[in-house]
Amino acid sequence: MEDMIAKIVEMDKKARDMTDEAQQKRLEYEQHIARKKERIKNDYLERAKKRIAINQQTAQKKADSTLEMIRKRDEAIIQALESSYEKNCESWVDTIVARVADG
């Protein structure tokens, strides 16, 4: 009878040890998954930051190019207006003075 009780106690101890080991492995696995999840998230965020930086540079280059094109266009308009003014200044003044004198 004592031998049977000893075997039951031993089997119970083995069962508890197995349960403890299984719980420890489950905990280790959950921690492993959490670390892997965090690593994946960090990798994704890092790639997203790099893409944002590249997109920002591309957008900045496009904006700079557009701004330069607008500046050139405006400069051409200003030059055309100044040229027209230089060519027609005296006739415009004469026309204005004549209209004022007639009026």
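Basis for what follows: all heavy atoms, side chains included, without hydrogens, waters or symmetry-related copies.
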Practice task
Could you pull out all residues at least two apart from E86 that satisfy salt bridge (Lys or Arg N to Asp or Glu O under 4.0 Å)?
Solution key: none
Problem - Hydrophobic cluster partners of I77 (side-chain heavy atoms under 4.5 Å) - result: L81
Practice task
Would you list the pairs meeting side-chain hydrogen bond (donor to acceptor under 3.5 Å, both in side chains) in which at least one residue belongs to residues 15-38, sequence neighbours left out?
Solution key: D12-R16, K13-D17, E21-K25, Q24-E28, R26-E30
Problem - Shared-cluster residues of I54, by chain and number - hydrophobic side chains joined below 4.5 Å - result: none
Pairs of donor and acceptor atoms involving the side chains of residues 87-96, under 3.5 Å and at least two apart or interchain, shall be tabulated with distances.
residue: N88; atom: ND2; partner: S84; partner atom: O; Å: 3.1
residue: N88; atom: ND2; partner: S84; partner atom: OG; Å: 3.3
residue: S91; atom: OG; partner: N88; partner atom: O; Å: 3.0
residue: T95; atom: OG1; partner: S91; partner atom: O; Å: 2.7

Problem - Fellow cluster residues of I8, listed by chain then number, with links counted only when side-chain atoms sit under 4.5 Å apart - result: M4
Fill in the blank from the handout: Residues pairing under side-chain hydrogen bond (donor to acceptor under 3.5 Å, both in side chains) where one sits in residues 47-76, two or more places apart or in two chains, turn out to be Q60-D64, E75-Q79
Handout entry: Apart from M11 itself, residues in the same hydrophobic cluster as defined by side-chain heavy atoms under 4.5 Å
Key = none
